[in-house]
Amino acid sequence: MNRFTKQGFALALAAAGLLSAAPAMAGKTLDGIKSRGQVVCGVHTGLAGFSAADSSGKWAGLDVDVCRAIAAAVLGDSEKVKYVPLTAQQRFTALQSGEIDVLSRNTTFTLTRDASLGLNDTVVTYYDGQGFIVPKKSNIKSAKQFKNQTVCVQSGTTTEKNLTDYSKGNNLNIKTVVFEKEEAATAAYFAGRCISYTTDASGLASIRNKVATTPADHVILPDLISKEPLGPMVRRGDDEWFAIVKWVIYGLIESEEYGITQANVDQLKNSSQDPVVKRILGTGEDSGKLLGLDKDWMARAIKATGNYGEIFERNVGPHSALGLPRGINNQWNKGGLMYALPIR
């Protein structure tokens, strides 16, 4: 058998799944995390429902729960997270420089960011769109009524460019008032310097709930002028860590699809005969070894935070302070876009 025939035969075996998968080697990021005993997670400086610290310094939110799930999977303890609050301008530099291990900070995946920053998009954890908030007394019903009006916006965000594109595309001549920090932009809006403030619709709900003296005095318009798929990012160059972060999130999404919850995870580990459930919980095939983790990696993550649906409901869902509908963030088989790649 000549060299080329041997190569072809090996490729055929691999394609047929006949070559056994080897356990993954730990990447340098995971080695560093284990050495220090902490996942260092970059988060928002304070966006209720996504990442915000209470008066005692305890962090909570959808993005925070992703960090907690990762820590549970890789370190066995969801509390072993160091949270680094970052502004929009700071976030990418902090990840590029190695100051943080993962950026979980309501960040939009775009071509420019994916291709030019030396970073990898992982998995969308919230499908959003850019919206506008206006005073109820303004009687504005649509962003198309913003001709020659002032709109407050934060710099260093996709929001700023989207607003410029929207204004030009609709010949509105919107006068943007740009601020480096979100707090300054929202303060200017609530002080009446701008007719509107614009950011992701979920962020508007958070800001209205947190900052407005009387939330009912402010209306979030129905207009969405962009697609904002939000999710965590990691540095390029460490495929092992990239895979771990991706698959923890996919596991949270798939566990909801298969009815695995924070409350029943232990029971299902002992009793479920569903092959998918057994793979997720490590009682069937050992998926953890392919990631350089143990077989209980995903069970620990679910027990720490609940599945994706529980995380959504607790932090931003209809019964939370934000009261956001599940909408397109529902499971794929319930009319939404949440579709996890299978753990198998």
Side-chain angles (χ1 to χ4, degrees), residues 7 9-39 41 65-78 80-81 101-102 104 119-125 231-260 265-266 268-270 272-308 311 332 338-344:
Q7 287 177 340
F9 183 63
L11 288 170
L13 284 176
L18 297 175
L19 295 179
S20 59
M25 299 295 289
K28 58 183 180 295
T29 305
L30 182 58
D31 284 342
I33 288 168
K34 288 182 174 179
S35 176
R36 81 173 83 94
Q38 277 185 323
V39 175
C41 187
D65 277 345
V66 169
C67 299
R68 295 178 61 237
I70 293 168
V74 302
L75 294 174
D77 187 344
S78 65
K80 290 184 175 180
V81 184
D101 301 312
V102 57
S104 186
L119 307 176
N120 275 329
D121 303 333
T122 59
V123 179
V124 176
T125 53
M233 301 181 80
V234 296
R235 277 182 302 283
R236 283 192 186 171
D238 191 335
D239 290 344
E240 292 78 15
W241 179 240
F242 181 35
I244 288 169
V245 174
K246 279 196 308 183
W247 285 103
V248 168
I249 299 169
Y250 282 137
L252 295 172
I253 297 170
E254 192 166 49
S255 63
E256 180 187 14
E257 182 179 346
Y258 282 86
I260 309 170
V265 61
D266 287 332
L268 290 176
K269 279 187 72 174
N270 294 325
S272 180
Q273 296 304 309
D274 185 313
V276 177
V277 172
K278 292 177 73 173
R279 278 196 295 270
I280 293 171
L281 298 183
T283 57
E285 301 166 35
D286 184 358
S287 58
K289 70 180 180 182
L290 303 177
L291 296 168
L293 305 175
D294 63 20
K295 62 184 178 61
D296 293 318
W297 65 287
M298 200 61 232
R300 287 195 302 270
I302 299 165
K303 192 166 183 177
T305 65
N307 62 41
Y308 176 80
I311 291 171
W332 66 279
M338 283 297 165
Y339 185 107
L341 303 190
I343 295 180
R344 66 165 179 257

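Heavy atoms only: backbone and side chains are in, while hydrogens, waters and symmetry mates are out. Predicted model only: the values in this text are computed from it and were never measured.
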| remark: In terms of heavy-atom contacts, A340 and Y250 come closest through CB-O, 3.5 Å
| task | Heavy atoms only: give me the nearest L30-G292 pair and the separation to one decimal. | result | CD2-O, 4.3 Å
| Can you check whether G251's main-chain N or O pairs, donor with acceptor, with S255's side chain at less than 3.5 Å? | yes
| task | Compare every heavy atom of Y258 with every heavy atom of D274, then report the nearest pair and how far apart it is. | result | OD2-CD2, 4.1 Å
| remark: Closest non-hydrogen atoms of I70 and W241, given as atom of the first, atom of the second and distance, are CG2-CH2, 3.6 Å
| query | Pick one: which of V245, D101, I244, T29 meets side chain to side chain contact (heavy atoms under 4.5 Å, CB included) with V234? | reply | V245
| Between the main-chain N or O of T125 and the side-chain N or O of Y308, is there a donor-acceptor pair closer than 3.5 Å? | yes
| request: Please report the closest heavy-atom contact between A69 and L252, naming both atoms and the distance. | output: CB-CD1, 3.9 Å
| said: Could you check whether any side-chain heavy atom of Q273 comes within less than 4.5 Å of a side-chain heavy atom of K278, counting everything from C-beta outward? | reply: yes
| query | Any side-chain heavy atom of F242 within less than 4.5 Å of one from T122? | reply | yes
| Which pair of non-hydrogen atoms, one from P232 and one from I249, has the smallest distance, and what is that distance? | CG-CD1, 3.7 Å
| field | Crowding at CZ, R36 (>12 non-hydrogen neighbours, <6.0 Å) | value | yes
| message | With heavy-atom distances below 4.5 Å as the criterion, would you say the side chains of I253 and V123 are in contact? | response | yes
| Partners meeting salt bridge (Lys or Arg N to Asp or Glu O under 4.0 Å) with K246 (sequence neighbours left out) | none
Could you tabulate the donor-acceptor pairs under 3.5 Å formed by side-chain atoms of residues 298-306, not counting sequence neighbours?
| unit_1 | atom_1 | unit_2 | atom_2 | d |
| --- | --- | --- | --- | --- |
| R300 | NE | A72 | O | 2.8 |
| R300 | NH1 | D294 | OD1 | 3.1 |
| R300 | NH1 | D294 | OD2 | 3.0 |
| R300 | NH2 | A73 | O | 2.7 |
| R300 | NH2 | D294 | OD1 | 3.1 |
| K303 | NZ | D266 | OD2 | 2.7 |
| T305 | OG1 | A301 | O | 3.2 |

| remark: Rounding to 0.5 Å, atoms CD1 (I343) and CH2 (W247) come to a distance of 6.5 Å
| Counterpart residues, salt bridge (Lys or Arg N to Asp or Glu O under 4.0 Å), relative to D296 (two or more places apart) | K269
| query | For the side chain to side chain contact (heavy atoms under 4.5 Å, CB included) test, which of L281, N307, V276 pairs with I260? | reply | L281
| note | Rounded to the nearest 0.5 angstrom, the CZ-CD distance for R344 and E254 is 8.5 Å
| In Å, rounded to the nearest 0.5 Å, how long is the span from CE of M233 to CG of L119? | 4.5 Å
| task | Taking the side chain as every heavy atom from C-beta outward, state whether K80 and V39 have any pair of such atoms under 4.5 Å apart. | result | no
| task | With rounding to the nearest 0.5 Å, note down the distance linking CD in E285 to NZ in K295. | result | 14.0 Å
| said: For the CZ atom of R68 and the CG atom of D77, what is their distance to the nearest 0.5 Å? | reply: 9.5 Å
